[in-house]
Amino acid sequence: MTEEIIIAGFGGQGVLSMGKILAYSGIMQDKEVAWMPSYGPEMRGGTANVTVIISDERISSPILQKFDTAIVLNQQSLDKFEEQIKVGGTLVYDPNGITKEPTRKDINIYKIEGNALATELGNAKTFNMIILGAFMKVKPILSLEDVEKGLGKSLPERHHKLIPMNMKAVQCGMDNIKVVQEL
Amino acid sequence: MTEEIIIAGFGGQGVLSMGKILAYSGIMQDKEVAWMPSYGPEMRGGTANVTVIISDERISSPILQKFDTAIVLNQQSLDKFEEQIKVGGTLVYDPNGITKEPTRKDINIYKIEGNALATELGNAKTFNMIILGAFMKVKPILSLEDVEKGLGKSLPERHHKLIPMNMKAVQCGMDNIKVVQEL
Amino acid sequence: MAEVRLMKGNEVIAEAAIRCGCDGYFGYPITPQSEVMETLMIRKPWEETGMVVLQAESEVASINMVYGGASCGKKVMTSSSSPGVSLMQEGITYLAGAEIPALVVNVVRGGPGLGTIQPAQSDYYQTCKGGGHGDYRLIVLAPASVQEMNDFVDLSFELAFKYRNPAMILSDGVIGQMMEKVTLSPYKARWTDEEIEEISGSWATTGKKANRSKNVSTSLELDSDKQEEFNLHLGRKYKAMEENEVRYEKISCDDAEYMFVAYGSSARICQKAIEICRERGIKAGLLRPITLYPFPTKQIKEMVPQLKGVLSVELSMGQMVDDVRLAVNGAIPVEHYGHVGGIIHSPEEIADALETLIIKA
Amino acid sequence: MAEVRLMKGNEVIAEAAIRCGCDGYFGYPITPQSEVMETLMIRKPWEETGMVVLQAESEVASINMVYGGASCGKKVMTSSSSPGVSLMQEGITYLAGAEIPALVVNVVRGGPGLGTIQPAQSDYYQTCKGGGHGDYRLIVLAPASVQEMNDFVDLSFELAFKYRNPAMILSDGVIGQMMEKVTLSPYKARWTDEEIEEISGSWATTGKKANRSKNVSTSLELDSDKQEEFNLHLGRKYKAMEENEVRYEKISCDDAEYMFVAYGSSARICQKAIEICRERGIKAGLLRPITLYPFPTKQIKEMVPQLKGVLSVELSMGQMVDDVRLAVNGAIPVEHYGHVGGIIHSPEEIADALETLIIKA
Amino acid sequence: MTEELKDIQKEENIVYKKSSLLTDNVMHYCPGCTHGVVHKLVAEVIEEMGIQGDTIGVSPVGCSVLAYNYIDIDWQEAAHGRAPALATAVSRLHPEKYVFTYQGDGDLASIGCAEIMHACNRGENIVVIFINNAIYGMTGGQMAPTTMIGQVTATTPYGRDVKLNGYNMKITELIAQLPGTCYVTRESAHTPASVRKTKKAIRKAFENAGQNKGTSFVEVVGTCSSGWKLTPEKANEWMVDNSFKEYPLGTMKDE
Amino acid sequence: MTEELKDIQKEENIVYKKSSLLTDNVMHYCPGCTHGVVHKLVAEVIEEMGIQGDTIGVSPVGCSVLAYNYIDIDWQEAAHGRAPALATAVSRLHPEKYVFTYQGDGDLASIGCAEIMHACNRGENIVVIFINNAIYGMTGGQMAPTTMIGQVTATTPYGRDVKLNGYNMKITELIAQLPGTCYVTRESAHTPASVRKTKKAIRKAFENAGQNKGTSFVEVVGTCSSGWKLTPEKANEWMVDNSFKEYPLGTMKDE
Amino acid sequence: MAKVRGSIVVDVEKCKGCELCAVACPKDVIQLAHEVNGKGYHYASMAKPEDCIGCASCALVCPDSCITVYRAKA
Amino acid sequence: MAKVRGSIVVDVEKCKGCELCAVACPKDVIQLAHEVNGKGYHYASMAKPEDCIGCASCALVCPDSCITVYRAKA
Ligand SMILES: Cc1ncc(C[n+]2csc(CCOP(=O)(O)OP(=O)(O)O)c2C)c(N)n1
Ligand SMILES: Cc1ncc(C[n+]2csc(CCOP(=O)(O)OP(=O)(O)O)c2C)c(N)n1
Ligand code: SF4
Ligand code: SF4
Ligand code: SF4
Ligand code: SF4
Ligand code: SF4
Ligand code: SF4
Ligand SMILES: [Mg+2]
Ligand SMILES: [Mg+2]
């Protein structure tokens, strides 16, 4: 099993830490993982994206041109990464701020109203965990248990009390993902 | 004709400028010349030496291991350069401060009391010109005329009034050189 | 028990330094490696092992702090990225000239000049041929994984002290910024003053004890005969490194007819390219130099009889390829393939390049 | 009428700068080249041609002053010796990265580190392989006489502007300190503002005129695609230099069976070594690279069929020999011979080395 | 839009608009960054003095490395810390031009300490705009020489500690003492009034250059909300409460 | 020798002799060079304090680059200008040791300006001995930042001219203002009295280091007869008439 | 109508929602919009256009030069 | 004999003839010798040994630490 994922959005949306939790969850399952961020001089506001690879085998290149799954959280990212999804691959996106909907016919497409749901949950910071949940639903490569462990590993001790809230958000994402197109 | 000369003594004895006048005199005769000083961090007091090559042909290496003529003005220089004179070559030295006389049997050796003569002339600065004169006497590769022209070239305009005094010193050197050993 | 963590390459450098008993780190921020110092500052090793961590006023200052600290026989290091390392060249040649063991980490980005902050491997020449003046060599280790970022810190110090020579870890933005699983090394105690006296007492400036003559850390020699003898001594030292310290990895080389030579992140991508090549029926292999200096010249040469061609794959316009060519010495074709400027080659591109530049050429 | 003078190589650099219409010199004292700036200060060119001469606070400052002045489309230069040039590496790669024509003179001394102030040729790697980071090349001219110190100043500027690339004169303590007869060049006027606008108006930062968009002197490119395209553009430029600008001299090569390759002061000594060899009945010749980059690779290659071996003679532990080997590509034996640390090889030693390392080996 | 608004928003009613010297590029700065404000002022001064064609800017590495994308004049991008060296040469080769550097505090006070001290001591006829945000913005918020005791940054995560990190450096006070400087002032740009005042200072600095008076040095104490991890508003408040104490505003020299 | 002399020249009558920490190497300095005097004082202080085994000297390039040949302690030879960086590391790694730099004016004020300013500003626990002979001695007498207006050097052959070469830099005055320094003084070594005074200052500086007080900075205004092209005696006179005016002796800070 | 003496126009796509204009406005005219622009920023807009006096305080402090200020003669 | 209360010994081979000792000597005891040492320097020597008071002024200022100073108890 090898899953090659790109997560892309605005800086500040929690893209990098979502990737980190994914990667940690992979480690919990004794898999090989790689987490490779884009980095640039813009500290805020710019786009941020991270490649996460979870695999049973030694990972060669951490820099990819094609992905199994793209999780995109704004229009720029959709513009850029839609075409980089492998045929038969998966796109998960938040429609908030999306002005041009995805057009590819050869991939699976899912929608998750992360922004709206986070507002509903009353905690904007859970946004990325909702998205993570959505992904987990369509790509159940990791168990919820591992994600919880991954969270524990990636959060500093003093934030562990936030884990239940985060797991609730994950569940919320799993529950609310909508199919746009399934092959 | 190629004449390879080393001039060596204390810093401050006018070793470098003597070499320069020699080189300039060579140019006056349309010869190829090279003037290569030793250089080091000591500004005063240390030893100074300069290689001068005067030749009818293009000069290849300006760094030499063997010399046609060595003009040495202190004991250290004698110690170092006596052995670097070609067989049949020439040594000119000022005995002032010399504690171990030269010993080689296969070279021509001449003495010039430059220090003493300069004191006699009443001008310590003419020391190096006396030595130059001595060299000119045993190696008449350059004419007195050329040396005078060379002096003109190497002295700044405002010092040209000193040329006659310098030429007198050259003459003094020519007159006072003493044969120690001639092959 | 070994600790497994998910960490960035840069963070691991910091962690490995603390654990291997490093005495001091002196650095200056620059992307993409600032996490090294930031991690150290968060970790506060001065409270734990006594390791000193100082943000210097510049790279020129940091490399000279390294010179000062390392001249005391301490395990001292710095890290930077390409422009910062260019500024360190005078300091680096001083380290080499004074035979001071120390570690410099370069997390390479694209140049020349300010260039890009994205990954590159275009500092091979600077690192392996002497970016500074004079005849000298660095011991150069090129990690291809976060795990090797961990392992090579200790190894660099070991080699540096063995040969009294500065060492460099030549990494790049990919390895520095990516997170992978890493098994951290167990803690080693920092050397005590007595141990330093034992290991480096003949040269380290630890304060002149009554039982020895003074130690001087210098690269100056005004006597040319002595300077030449010193240069020859260095030459013999480098020869010894070349004989004893070459490290490399061979992947799928047993039956290879074509061989990639690639280090660091390029080597990882070549691994995938090998798979693609083999799917295409091309028997490709990879020789990954782990030490860039000493370079696996002999090991490449030994492969030549079984090969039809070699492709040097670098994130540069072609630098290591010189050393590959010198190793092959005209026996079979050697070509270079690489992206530059922060663009990373894909495995497909590499496989294609092997076909067009070597097989069909 | 041409003026013949007896001058030091270093002094001639200064005189040639004034005469070729150089606009500015920025330097810092270091042996064995301080006479360059001293001569300029005595000559006061600011009163004569308007040339600016400034003693900077360091080599780092002087190379960056060069960057600033040269970015205006002016003919600007600096000079230094090995340790100072190591400090300039960041600035030099910035010049290359921003495509700024400028001249750096390196009067090489022995290293590594502080080393010796005596002559050496051990900065070949630094100069020709890129002492700074990133993929770039300098145009490198290696004078072998005081006359060439004169001639190459103007030539360097010409090539630098032709290719918008920094140039280096790689000299050494011998050529810098020796006096020879030199025929000085006639005066050329400094470029007027209008001429600069004509020659370099597309890039020089002379103040944004209404009729053009702003000029920016930069080496930064955050977009990797553009940065790669820029690197490839540089690559094409270097290729063009390699095709058009190789300069070299062949001495006694017509019937040569053995060939020395040597530059600068070593080349002069090799000339004498050839005489000795020929007295011994060995048909030796010399190929003297005048441009070290672009290197006369093709010219060496062309000689190979008539040769039995090549000896690279350098005042180093063996640096240029790499490029000679890459040119010969295994066809015949290539060896290195050289002294280091300020010791100069004698012609006899070189002749002997040819016999032992090549002929009898 | 209401009729009233339309009525007001007419060309002839414009009382403030973007300087024509500012390009249309969106600045890469974070929301609320002081660099943006000062860029605007520099553009306005150059525009108002009518010296666009006679001005050469030098921006070294730092968040403002891309200043050349925003102000429509000729620019040189300098290596980290070396802008004063570049400007020295430009000014000496072009004595009739207006030459300015635009430097951050890390750039000017840390790595570029020697270059700024010597340019000012030589009295180069240049303008120095010095943005003191007490941090290395560009590289992610590390300590600068100007970072205050106790201040948290990426390399002083527990607050700057004199023992570990030394004192903060008051470089402008030192520069005011160098004989080559003719005008040294410290301003801010967080309120309309201070913005107006800073603009006057920048204008005076450029006028000094026009009169060949030597080095004019304008420090602007600013914020880096990203590095400080505060909102722009809170950052301004923090600045007033903390930075202004260590770096009191005012003109130190005007000769 | 006369009987009387023999009588006096007995071991027990010695009132002054070469410090045992000075080696037997003949110093390479020119006749009358200030470096020789100050070397002696440093050796005497270390000897008298009994800290030979606890002292590490750092000498950068300059005429004193070979200081390690003359004083019998452990030394580090630093790149030009960088001694304070070396000393910083040594001192931080060996807080119990006495660490000093011995720097020339070209070295400290020109190329090494950033390093000395920052070491002093951090308050590194080191001693700085600063030999200000107003010239670059080692390289043949070129202008230093400290070279005075009108002074002739190899690179100011017609005298230092503010327009061309800028002002001379009074770096010690600046350093005295840095919070990391605890003791800053300017001395000379041309008369028996000033030699005694300078020795006291050096001693105090070393004692400060023993008490972890921060940076102690001792400038010695000196001569370079070779660079100045004067006899040692005339050089001293020139120094009194000229250098002392620009660099007045005295203690600027003692905390 | 005489009440409306000033007005501003915000370049919405350039605005980064830093709110410094809002802080600077003496009349509390400005608030961030609920909507975001193409970069994801809530941008500045006139919440109380009628209160604007055209003093340009907002524009002066705006780091991104997004604000054009108008003032009617009377 | 009571007059001779001090004396100096100069390390002749180390002396560089700078004359600073002579200048510093309050009693004009020191002059340079007519002879030169191995380095070619006229070295310092006591021209008026009887005047020396052993004050060590000469030794204090000597850059080459060539002077040892003696003083008899009375
Ligand atoms: C030689 C070198 N070292 C380090 C860097 C990395 N770097 C870029 S900008 C910067 C500091 C920026 O801080 P400052 O000057 O205060 O500007 P700001 O971003 O805060 O406006 C650093 C360390 C570099 N580009 N070059
Ligand atoms: C990087 C570098 N630049 C220049 C030099 C040449 N250099 C050696 S010492 C020196 C200046 C010495 O002057 P100063 O520090 O005043 O010491 P002094 O000799 O006067 O005691 C210079 C420029 C060098 N060794 N290294
Ligand atoms: S990081 Fe700081 S200085 Fe840089 S743009 Fe952002 S707020 Fe401004
Ligand atoms: S050159 Fe000057 S500083 Fe150097 S030893 Fe001679 S007198 Fe002293
Ligand atoms: S100050 Fe400018 S950028 Fe900030 S919110 Fe207001 S209009 Fe937008
Ligand atoms: S112009 Fe004045 S009143 Fe109107 S919005 Fe701006 S700050 Fe407020
Ligand atoms: S001071 Fe010392 S070196 Fe100078 S003359 Fe006297 S004894 Fe000799
Ligand atoms: S000890 Fe005093 S009196 Fe005697 S020679 Fe020295 S200075 Fe003169
Ligand atoms: Mg800043
Ligand atoms: Mg000096």
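Just so we're on the same page: letters track the sequence lines, and every chain starts at 1. Side chains included, hydrogens not; waters and symmetry mates left out as well; all remaining heavy atoms used.
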Checklist entry - Is it the side chain or the backbone of F:Val195 that comes within 4.5 Å of chain H heavy atoms, both, or neither? => result side chain
Next on the checklist: If I measure from the heavy atoms of chain H, does F:His35 come under 4.5 Å with its side chain, its backbone, both, or neither?
Outcome noted: neither
Item to check | chain F interface, residue from H:Cys18, H:Ser57, H:Cys15, H:Cys62 that has the most non-hydrogen pairs under 4.5 Å | outcome: H:Cys18
Close side-chain approach of [X] and [Y], heavy atoms under 4.5 Å:
X       : Y       : value
F:Tyr29 : H:Pro63 : no
F:Tyr16 : H:Arg71 : no
H:Val69 : F:Ile14 : no
F:Leu5  : H:Pro49 : yes

Does any heavy atom of chain F fall under 4.5 Å from the side chain of [X], the backbone, both, or neither of them?
X       : answer
H:Val23 : side chain
H:Cys58 : neither
H:Ile67 : backbone

Heavy-atom count around [X] [atom1] within 6.0 Å, excluding the residue itself: above 12?
X       : atom1 : answer
H:Lys27 : NZ    : no
F:Glu11 : CD    : no
H:Gln31 : CD    : no

Checklist entry - F:Gln9 side chain to H:Ile8 main-chain N or O, any donor-acceptor pair under 3.5 Å? => result yes
Checklist entry - So, does F:Lys10 use its side chain to make a donor-acceptor pair with the main chain of H:Tyr70 at under 3.5 Å? => result no
[atom1] of [X] to [atom2] of [Y]: how many Å apart, nearest 0.5 Å?
X       : Y       : atom1 : atom2 : answer
F:Lys17 : H:Thr68 : NZ    : OG1   : 8.0 Å
F:Leu22 : H:Asp64 : CG    : CG    : 10.0 Å
H:Ser65 : F:Asp24 : OG    : CG    : 11.0 Å

Checklist outcome for this item: Closest non-hydrogen atoms of H:Val61 and F:Val37, given as atom of the first, atom of the second and distance, are O-CG2, 3.5 Å
Item to check | Exercise: identify the closest heavy-atom pair between F:Ile8 and H:Ser7 | outcome: CG2-CB, 3.9 Å
Next on the checklist: Checking an interface table here. Which of residues 44-60 of chain F come within a heavy-atom distance under 4.5 Å of chain H?
Outcome noted: none
Item to check | side chain to side chain contact (heavy atoms under 4.5 Å, CB included) assessment of F:Met27 paired with H:Lys14 | outcome: CA-CA 8 Å; F:Met27 295 199 274; H:Lys14 272 199 166 178; over 6 Å; no
Checklist entry - Which one, F:Lys18, F:Lys40, F:Arg196, leads in non-hydrogen pairs under 4.5 Å with chain H? => result F:Lys40
